[in-house]
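Below is one structure; the comments refer to it alone.
In what follows, chains are A, B, ... by sequence order, proteins preceding strands, each numbered from 1. Remember, it's a predicted structure, so these values are computed and weren't measured experimentally.
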Amino acid sequence: MPTLTIDGIEVTVPDKTNLIEAAKMVGAEIPHYCYHPGLSVAGNCRMCLVEIEKAPKLAIGCFTPCQEGMVVHTSTEKVLQARKDVLEFLLINHPLDCPVCDQAGECWLQIYYMKHGQYESRMMEDKIKKHKKATAIGPTVTLDQERCILCARCVRFCDEISKTSELGIFNRGNHAELDVFPGKELNNKYSGNVVDICPVGALTDRDFRFQCRVWYLDTQDSICPGCSRGCNIQVHYNLDRPHHAEGRRVLRLKPRFNPEVNKYWICDEGRYGYKFIDDESRILMPQVMRNGGMEFVSWDEALKASAEKIKASIPEELGVLASPQLTNEELYLIRKLFVEELGATQVEFRVPPKEEGYSDDYLVKADKNPNTKGAEEIGLAVGSAEEILKAAAEKKLSALVIFVHNLVNSGLDDSLVKAALEGVETLIFIGSNFSDTSEKANVILPSATYAEKSGTFANSEGRVQRIHEAVPPLGESLPEWQILNELARALGLDWDYQGTEHIFAELAKDVPAFANLTYEILGDQGQTLGYVPPAEEEALVEHGELEAVRAT
Amino acid sequence: MSIKITTKNLNIPNYNRLSVYREHGGYEALKKALSMEPAAVTDEVKRSNLVGLGGAGFPAGVKWGFIPKDTPKAKYLVVNGDEGEPGTFKDRYLLEFAPHQLIEGMIICSYAVGIHKAYIYIRGEYIRQIKIVRRAVEEAQEAGLLGENILGSGFNLDIVVHQGAGAYICGEETGLIESLEGKKGFPRIKPPFFPAAIGLFGCPTVINNVETLSQVPHVIANGAEWFASIGTEKNGGTRVFAVSGHVRKPGICELPMGVPLRELIYEHCGGMRDDRPVKAVIPGGSSSPVLTADHLDTKMDFVGLRDAGSMGGSGAVVVMDDTTCMVDVCANIARFYAHESCGQCTPCREGTGWVSKILDRILAGNARPEDVDNAVRVAKNMMGRTICLLADGAAMPILSYLTKFRNEFDYHVEHKCCDVKGG
């Protein structure tokens, strides 16, 4: 734990901390391009040069470990001049195409030029032409070699993180070019990350390119619902320019750093899995079966119709298929309403997938649901989906409530599903998008997607993490917790949940695994189930009871 | 004083064959070394003041001493035969005409440091030399001078000859190591990648120039004191100068360290072509700042040349008379470095190319007055800001021409022609 002085401020840092990271701790920014905390150090951009007292020349912040007694200056005249000079070198052969560059607005050449450059151009020579301009190098990424500053972050990513090694730097000197190796394309499960880490407009996302200028985007923290890993993400959305991107509001997902879950990365499956949010298949209004056809109705009418059907069913005739796509708050309300208040016994949340999902030893999990762990802890694994459907097929159920699931495209037997969906008297579907299952429903209640509501998911390791509303629910759709609250009231119950935090507080009291957790404690990085507050933990350690508590 | 060590026997027919080499006392030094304690061998080399003759002039014995004694890792010896510094051709002769001298030096070094695997990295264009060295290694293996239990000593060593692929930067020791590992020749960041600690395949590595190791058998055979007495106070022995340019007798010329430049030109290289005056001399390869006629009394060892504001470098001496356009020379050198920059670090990748283009415009009579200052500024902005020394090696000579012969550059800009060559 060396103690050093950076810009006059003393700081003690963990061993092996480099100067860029140490400077952050005292609020100083050392600009850099090639350094990325999730990758090995290349030391090639030379932007992070700083002055160290008693050192013969400027040193790179990325590869200089902090040492006891070191005195570092990050913005002396010498350092500022070096930065300016390096920027000038980086820009002499860089095309002046910012107006048509999709990176504009989030380009580190632009940002640092405004902060550290601002010189008169002295470059009179012809710029060097390179080969690939706006060339797709794989299904997800477009390459522009002239914009590339050869920091090699992407090369290191493909070598060290995806371990697929598609990229390399070819040729020498100022003719050096980033490219895919001959006969290869950039096509791996994590390829989109190279766009995130590219500090300039050399690698852009084919999915996002020219959809929207980045300065029109707003961001909201969330959790990827694509699998049970629970990668931390940011939802980037645009509400100001509805004519952009064919009216899509959510325009891209970006990884959000969480050292316990996904570090700096997300997989492509999660990254590009957001399209359903603004898809044409979204259900925009409640619908009820009348006179042999589905009719759009008001929420009041739809809830009334639902409540009547549910009331008419005795508990044994009521089936509920909850979903591990739902938040803990919603699953808790499902348990409370259907199991505790109505006494339903045919309740389950697991529906087997048609085929085993892809998984690897890094981020991607086979279970494509974000909240299986939460649903298990809340206790919704009562029966089995198959048993419930069998009951429905045998006309033993009068009402079946299905959340989100599309049973038709699942691992359940097709003929059983068909018989069940047709055999049940009342089928209430609560979900965000039309499917073959919603087609069979008598009542459809439109719900919000994860990007349109708040709540929590518990990932496969039991880490409870928050999602937040990025965009408002589309059309008249509502978050499931709100639908459940209204449904309970329509059933004559005195429910009045004002928000998910309210529900979570009750859940934390009621479900042991969630004990001690609050939204505040979850923060933006989450916290694991079975959490013991630090003060209490100390007491338990003293009495030797911590392990016993953890085991419960 | 005329004393030759490494080049003494180069004229003997078939000296590059094992039998002839042995007839003239070859591998006797090895026998002597194998009878000594390894530490005593290193000590002998230390006391001889033998320095690295690739360009750095760092004491060879001290370098060997950096290798950790008790490491669980393998240790390697790498011979730098990637002779690429413009003007340099001394190693080419040593490889072609005395490969066993090098091999003998390698075995002695390996024995001293405890190395059992050595690599000779030879520049790709030296096809003939590579064949000869390969044959010499095979001869030595067959004679029990390489492989297991060398000369019954119990010491083992294998040598691999590796052909480079044609990049100047692979003569930089960490770039060479990367290349030898099968990667692109990008120099490594020092620290922590000092070869003695983290070298080839991450293991402690001695890396020496061909000429340095070729001196080793003679140091052992004749003793450290004999060797140290030949050169200057800090640089022992001789070095092989590769002299080119406007002298009557260009070629390799082995002389004691510290020989005055004037003596080298006028006594050993036959003086100047057509008896014209010396205008400029590159004393140690193209990376060394140029000297003018005022520096003819400079002592040609690493210390003397450093004191003269230049450097010993690779021992390549390029002598230029008064018919030479310094703008042309400077632009030529700049073009070389722009071509050979590996492209890893921003200042070198962009700076070498930029300064070369400016100098080419000045040479072509297509420049503005501020271009000369701009060339100076660009060269200065590369220096001391990169991973390896290529940028400095380009900037130092370029700056030396721009400052010592500024008037020629200004003349080119103003008159759009050359004051030396006319036109």
Side-chain angles (χ1 to χ4, degrees), chain A residues 16 32-34 40-49 55-60 62-65 67 78-79 81-94 109 119-128 148-152 155 159 168-178, chain B residues 165-170 175 183-193 335-362 366-368 370-371 373-375 377-388 390-392 394:
Chain A
K16 291 183 180 171
H32 55 271
Y33 289 107
C34 66
S40 66
V41 174
N44 60 33
C45 77
R46 316 308 285 182
M47 191 63 189
C48 66
L49 290 167
K57 50 185 188 179
L58 299 179
I60 45 174
C62 61
F63 213 26
T64 307
Q67 278 165 15
K78 211 170 154 191
V79 171
Q81 190 59 47
R83 264 178 214 165
K84 207 173 200 175
D85 297 340
V86 170
L87 260 173
E88 185 183 29
F89 282 136
L90 282 168
L91 285 165
I92 56 167
N93 283 307
H94 188 89
L109 280 173
Y119 51 80
E120 289 290 319
S121 174
R122 278 175 281 210
M123 173 69 177
M124 301 296 294
E125 325 304 326
D126 292 335
K127 287 181 192 265
I128 290 165
C148 175
I149 57 167
L150 300 160
C151 71
V155 176
D159 287 347
I169 290 173
F170 300 83
N171 301 326
R172 271 196 322 236
N174 55 14
H175 289 277
E177 291 172 333
L178 172 75
Chain B
Y168 173 70
I169 197 59
C170 292
K183 300 179 215 155
K184 197 172 176 184
F186 276 172
R188 297 172 175 175
I189 306 172
K190 290 165 274 186
F193 294 110
R335 242 174 273 138
F336 172 79
Y337 288 101
H339 186 255
E340 294 295 344
S341 166
C342 80
Q344 191 180 194
C345 303
T346 307
C348 176
R349 177 180 71 236
E350 304 296 340
T352 52
W354 191 6
V355 78
S356 169
K357 284 178 181 173
I358 297 171
L359 291 169
D360 276 343
R361 270 198 299 112
I362 296 173
N366 186 23
R368 304 154 307 160
E370 60 266 35
D371 279 327
D373 282 337
N374 204 27
R377 191 182 63 88
V378 172
K380 280 186 178 164
N381 287 354
M382 301 193 269
M383 286 180 74
R385 291 174 177 174
T386 50
I387 289 175
C388 81
L390 190 141
D392 296 65

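- Only the side chain of B:Asn374 has a heavy atom closer than 4.5 Å to any heavy atom of chain A.
- Between chain B and the residues A:Leu90, A:Val86, A:Leu58, A:Ile60, the most heavy-atom pairs under 4.5 angstrom are made by A:Leu90.
- With a 4.5 angstrom heavy-atom cutoff, B:Ile358 touches chain A via backbone and side-chain atoms both.
- Proximity to chain B (any heavy atom under 4.5 Å) is restricted, for A:Ala42, to the backbone atoms N, CA, C and O.
- One distance of note links OG1 of B:Thr386 with CG of A:Leu49; it measures 9.5 Å at 0.5 Å rounding.
- Separation of atoms SG (A:Cys148) and NE2 (A:His94) is listed at 10.0 Å; rounding is to 0.5 Å.
- Most heavy-atom pairs under 4.5 Å with chain B: of the set A:Asn93, A:Ile128, A:Ile92, A:Ile169, this distinction falls to A:Ile92.
- For A:Met123, the parts sitting under 4.5 Å from any heavy atom of chain B are the backbone and the side chain alike.
- Looking at B:Glu370, there are no atoms closer than 4.5 Å to chain A (heavy atoms on both sides), in backbone or side chain.
- Of all heavy-atom pairs between B:Glu340 and B:Ile169, the closest is O-CB, 4.3 Å.
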Show the numbers, then the answer: is there a side-chain contact (heavy atoms from CB on, under 4.5 Å) between B:Met382 and A:Phe89?
CA-CA 9 Å; B:Met382 301 193 269; A:Phe89 282 136; 4.1 Å; yes
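- In terms of non-hydrogen atom pairs under 4.5 Å with chain B, the most contact-rich of A:Gln81, A:Met47, A:Arg172, A:His175 is A:Arg172.
- The neighbour count for A:Lys16 NZ, taken as heavy atoms of other residues, nucleotides or ligands under 6.0 Å away, does not exceed 12.
- Contacts of B:Asn366 classified as side chain to side chain donor-acceptor pair (under 3.5 Å), with partners at least two apart in sequence or in another chain: none.
- With a 4.5 Å cut-off on non-hydrogen atoms, B:Arg368 touches chain A through its side chain but not through its backbone.
- Within a 6.0 Å radius of CE in A:Met124, other residues, nucleotides and ligands contribute 12 heavy atoms or fewer.
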